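Read the structure below first, then the notes.
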Amino acid sequence: MTNLILDSYKKHWRERTIAVLGLGVSNRPLARMLLAAGCHVIGCDRTPREGLDEEVLELERQGLTLKVGPGYLEDLQADVVFRTPGMHPDTPALVALREQGAEITSEMEIFFECCPCPIIAVTGSDGKTTTTTLIAEILKAAGKTVHLGGNIGTPLLPSVEQMGTEDWAVVELSSFQLMDMRRSAQIAVVTNLAPNHLDVHKDMAEYVQAKKHVFAFQKKDDVTVLNLDNEITRGFADEVPGTVRFFSRQNKAQVFLEDGIIWANGERILEQKDILLPGIHNVENYMAAIAALQGLVPKEAIRQVAKSFGGVEHRIELVRVKDGVRYYNDSIASSPSRTIAGLRSFQERVILIAGGYDKHIPYDVLGPEICRHVKRLIVTGATGEKIRQAVESCEAYRINAPEILSIADFDEAVFAAAQGAAEGDVVLLSPASAAFDKFKNFMVRGRHFKDLVHNL
């Protein structure tokens, strides 16, 4: 079906030079759409030409002008620039383009303007991917047509012409996507907030401010779901333009947990024991989803998903049971708070593999949790020694309790974990760190871990 707003944009873009910054998986459908609309598109990426894959080279054959390699942003001239989410809006090259009169935008910003159906947007430091997926799955179980995307990996703008007014768009938004957003969803969810991505953000204040954009431009009839148990998100309530719905597992709220039951506005919705996903953090994710969908779906749809949904890849994902040892992939855990949630999902003490790219966030909160939940710690990557220090400096630490091994090579760290495991043990990859020191992203890291485990 025709989307008049998107058609208007396409006509506007045909007369201008469009730069797409970053040619990763999420920006390729955008570049393809722009080329199909007859636009002059420059694809910019730091990957040198010899490192480009066939899909990018095919885009070049379709008319994409490539500007790649270490100097891919130097002397860039464009009228419209689609910023890749991971690039700070104040990057010098973007500042220079802005000063030259270029329009700086993003795929998600344009999608919000063009989308013909209601949007539910989810952000937070932890749990946002699972919560986003739960919302989408519950809507589907209720018979709705759902379009799932955003930071979860699927760009939605190229699909906007296939969306109907009665559909639902459910999007995960990172702080990077939100930084320069000037539109908000009809229903916004903030799962929680803790220090994260301080290697890109100037400071914690900028990170928090970016997250506020998920609701900052709402109208008075819109809804924002906040975590009452999180000090930062609780403080957002006074700034929300529309209606606030709190969820909590510690206090009474619009949605809360009491004696193993999730309640919503006095109605019994779901028993904790019926949730297939392990861990109390997933109970919180369900409460956030329930609060977002209040009045939109029947209880039966929520219960159906709870009993059948096995989780998202790389999020405490059971990879294999070998010789009585269970191996779990929690590669999504790129922050201490996410790893803490993973550790608390297991009753037994685990063998933990942790460490990776340094985002310049504190690790002191991780030390006591590792002492409480880990029997053997294997640290690797750029943050490995920071994690070791956090453990050894906490009051609960005793020599070799837990035992700590420092192994620089990721593969060797995994093999060491397997060699030291006995029947009944759990080996958990939950790095508390980003993957960029050795892998393109957490997904590549998680799949590599799974390959190693399957080949044991």
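Bear in mind that the values here come from a model prediction, so they are computed numbers and not experimental data. Numbers for residues simply follow the sequence, beginning at 1.
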>> Are the side chains of Arg320 and His454 in contact, using a 4.5 Å heavy-atom criterion?
In response: yes
> Would you say the side-chain atoms of His314 pair up with the backbone N or O of Ser331, donor to acceptor, closer than 3.5 Å?
Replying inline: no
> Are Tyr328 and Ser430 linked by a side-chain donor-acceptor pair shorter than 3.5 Å?
Replying inline: no
> Is there side-chain contact between Arg249 and Asp229, with heavy atoms separated by less than 4.5 Å?
Replying inline: yes
>> Atom CD of residue position Gln347 - does it have more than 12 heavy atoms of other residues, nucleotides or ligands inside 6.0 Å?
In response: no
>> Any heavy-atom pair between the side chains of Leu193 and Tyr207 that's under 4.5 Å?
In response: yes
>> Determine whether a donor-acceptor pair (N or O, by modelled atom type, separation under 3.5 Å) exists between the side chain of Asp167 and the backbone of Gly164.
In response: yes
> Is a salt bridge present between Arg32 and Glu55, judged by a nitrogen-to-oxygen distance below 4.0 Å?
Replying inline: yes
> Could you state the interatomic distance from NZ (Lys307) to NZ (Lys273), rounded to the nearest 0.5 Å?
Replying inline: 7.0 Å
>> So does Gly24 get a backbone contact from the side chain of Asn27, meaning a donor-acceptor N/O pair under 3.5 Å?
In response: no
> Counting distance only, does the side-chain N/O of Ser334 pair as donor-acceptor with the main-chain N or O of Ala434 below 3.5 Å?
Replying inline: no
> If only atom types and distance count, is the side chain of Thr91 paired as donor or acceptor with the main-chain N or O of His88 below 3.5 Å?
Replying inline: yes
> Is it true that atom CD of Gln250 has more than 12 heavy atoms of other residues, nucleotides or ligands lying nearer than 6.0 Å?
Replying inline: yes
>> Taking Gly149's backbone N and O only, do any of them form a donor-acceptor pair with Glu172's side chain (distance below 3.5 Å, no angle check)?
In response: no
>> Just to verify, which of Leu377, Val379, Ile378 counts as forming a side chain to side chain contact (heavy atoms under 4.5 Å, CB included) with Leu405?
In response: Ile378
> According to the salt bridge (charged side-chain N to carboxylate O under 4.0 Å, His left out) rule, which pairs have a member within residues 366-395, sequence neighbours left out?
Replying inline: Arg344-Glu369, Asp358-Lys386, Glu369-Arg372, Lys375-Asp425, Arg376-Glu403, Glu385-Arg388, Arg388-Glu392
> How about Asp53 and Arg28: do any of their side-chain heavy atoms sit closer than 4.5 Å?
Replying inline: yes
>> Check this for me, if you would: do Glu258 and Lys252 make a salt bridge, where the nitrogen-to-carboxylate-oxygen distance has to be below 4.0 angstrom?
In response: yes
>> Testing Glu317, Arg447, Glu313 one by one against Asn329 for a side-chain hydrogen bond (donor to acceptor under 3.5 Å, both in side chains), which residue passes?
In response: Glu317
> Taking the side chain from Asn3 and the backbone from Leu6, do they hold a donor-acceptor pair closer than 3.5 Å?
Replying inline: yes
> Within the side chain of Gln186, is there an N or O that forms a donor-acceptor pair under 3.5 Å with the backbone of Ile119?
Replying inline: yes
>> Under a 3.5 Å distance rule, please check whether Arg245 uses its side chain to pair with a backbone N or O of Val225 as donor and acceptor.
In response: no
> Of Thr129, Asp330, Thr133, Asn285, which meets side-chain hydrogen bond (donor to acceptor under 3.5 Å, both in side chains) against Arg315?
Replying inline: Thr129
>> Within the structure provided, determine whether Ile280 and Leu257 are in side-chain contact (heavy-atom separation under 4.5 Å).
In response: yes
> Counting distance only, does the side-chain N/O of Thr233 pair as donor-acceptor with the main-chain N or O of Asn227 below 3.5 Å?
Replying inline: yes
>> What I'd like to find out is whether the side chain of Glu271 reaches to under 4.5 Å of the side chain of Ile261, using heavy atoms alone.
In response: yes
